[in-house]
K.L.:
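What follows is a structure written as structure tokens; I'll ask about it next.
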Amino acid sequence: MSASQHETRKGPASAGPIFDVLSAIVRMLASAGLITLTVLVVAEIGSRLLFNSSLHVVEELSGYLVIATTLFGASLAIRNNALFQVGFIYETLPPRVRQVLGLVYVALAMGICGVLAWHSFLLVMSSFARGNVAPTALMTPLWIPQMLLPVGLSVMTLFLLERALLQLGIGGQR
């Protein structure tokens with residue numbers, strides 16, 4: 001056997017390469033958001049300490065970045081099956097019951113995320129059509145940060161779909 005056949009792949013089970021690519025993109029976006037958030041907060045602290053003046057945009061931008069990192073981080077937690085569950089009860093159930101409950105959970109979560117994604121998309125379209133802007137120094141067109149909601153919720157829905165595929169035995173490389 002070649003060395004590559006003995007190589008162990010790390011990371012969550014995958015239902016296909018499209019989910020792996022999406023995960024890599026989301027991981028990079030979440031990381032960039034967290035780094036940018038940290039830099040902005042440190043810059044604001046430095047500005048206040050050294051110059052006794054605020055940058056006036058950090059609060060707004062950090063709010064947007066918190067939303068982005070939360071949604072992308074939750075998406076990655078779904079993919080890694082790292083969300084909270086009551087394991088000591090769940091593990092006592094027969095495997096078939098666990099599979100059915102897992103599929104029910106995934107179906108409900110996909111439905112909820114799908115509805116939220118759709119309605120947040122309608123909010124984005126409404127803000128865009130009306131030309132709504134944030135009442136802040138940046139006067140950010142609201143549809144721009146609002147896009148985080150349907151995008152983040154759609155990514156969650158896709159990773160929930162991957163969970164369902166894996167529970168049904170479709171995919172599962174790793």
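The structure displayed is predicted, hence computed values, not measured ones.
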K.L.:
How about Y105 and L160: do any of their side-chain heavy atoms sit closer than 4.5 Å?
P.N.:
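The answer is yes; the side chains approach within 4.5 Å.
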K.L.:
For F19 and F159, work out which heavy atoms get closest and say how close.
P.N.:
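Closest approach of F19 to F159, heavy atoms only: O-CE2, 3.8 Å.
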K.L.:
State whether the side chain of S120 and the backbone N or O of A117 hold a donor-acceptor pair below 3.5 Å, judged by distance alone.
P.N.:
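A pair under 3.5 Å: yes.
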K.L.:
Using modelled atom types only, decide if a donor and an acceptor are shared between the side chain of S75 and the backbone of L71 within a distance under 3.5 Å.
P.N.:
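Yes, the answer is positive, given that a donor and an acceptor are paired below the 3.5 Å cut-off.
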K.L.:
Would you say L37 and V66 make side-chain contact, with heavy atoms under 4.5 Å?
P.N.:
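Sidechains of V66 and L37: in contact.
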K.L.:
To the nearest 0.5 Å, what is the distance between CD1 (I78) and CE (M156)?
P.N.:
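Going from the CD1 atom of I78 to the CE atom of M156 covers 5.0 Å.
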K.L.:
Of all the heavy-atom pairs spanning T136 and E60, show the shortest one and how long it is.
P.N.:
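T136 and E60 have their closest heavy atoms at OG1-OE1, 2.6 Å.
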K.L.:
In terms of heavy-atom contacts, does CD1 of I18 have more than 12 from other residues, nucleotides or ligands at under 6.0 Å?
P.N.:
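No, the 6.0 Å shell around CD1 holds no more than 12 heavy atoms from other groups.
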K.L.:
Identify the two heavy atoms, one from G114 and one from T157, that lie closest to each other, and give their separation to 0.1 Å.
P.N.:
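Looking at all heavy atoms of both residues, the closest pair is N-OG1, 3.8 Å.
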K.L.:
Using a 3.5 Å distance criterion without hydrogens, assess whether the side chain of T92 forms a donor-acceptor pair with backbone atoms of I89.
P.N.:
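The answer is yes, because a donor-acceptor pair under 3.5 Å joins these two groups.
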K.L.:
Has F128 got more than 12 heavy atoms of other residues, nucleotides or ligands less than 6.0 Å from its CZ?
P.N.:
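Atom CZ in F128 is not packed in, count stays at 12 or less.
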K.L.:
Which atom names give the shortest non-hydrogen contact between L148 and A68, and what distance separates them?
P.N.:
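Nearest heavy atoms, L148 then A68: CD2-CB, 3.8 Å.
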K.L.:
Going by heavy atoms in the side chains, are C113 and M110 under 4.5 Å from each other?
P.N.:
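The answer is no, as the side chains (C-beta and beyond) never meet within the 4.5 Å cut-off.
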K.L.:
Using the salt bridge (charged side-chain N to carboxylate O under 4.0 Å, His left out) criterion, which residues pair with R27? Sequence neighbours excluded.
P.N.:
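With neighbours one apart ignored, the set is empty.
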K.L.:
Side chains of R79 and S14: does their closest heavy-atom pair fall under 4.5 Å?
P.N.:
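Yes; the side chains approach each other to less than 4.5 Å.
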K.L.:
Between L83 and A77, which heavy-atom pair has the shortest distance, and what is it?
P.N.:
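Minimum heavy-atom separation between L83 and A77: CD2-CB, 3.7 Å.
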K.L.:
Is there a side-chain contact between V106 and L161, using heavy atoms and a 4.5 Å cut-off?
P.N.:
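They are not in side-chain contact.
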K.L.:
Which residues pass the salt bridge (charged side-chain N to carboxylate O under 4.0 Å, His left out) test with E44, sequence neighbours left out?
P.N.:
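For E44, the residues satisfying salt bridge (charged side-chain N to carboxylate O under 4.0 Å, His left out) (neighbours in sequence not counted) are R48.
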K.L.:
What heavy-atom pair brings E162 and A13 nearest, and what distance separates the two atoms?
P.N.:
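Distance-wise, the nearest heavy atoms are OE2-O, 3.7 Å.
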K.L.:
Looking at side-chain heavy atoms only, is the closest gap between P150 and L153 below 4.5 Å?
P.N.:
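No; the side chains remain at least 4.5 Å from each other.
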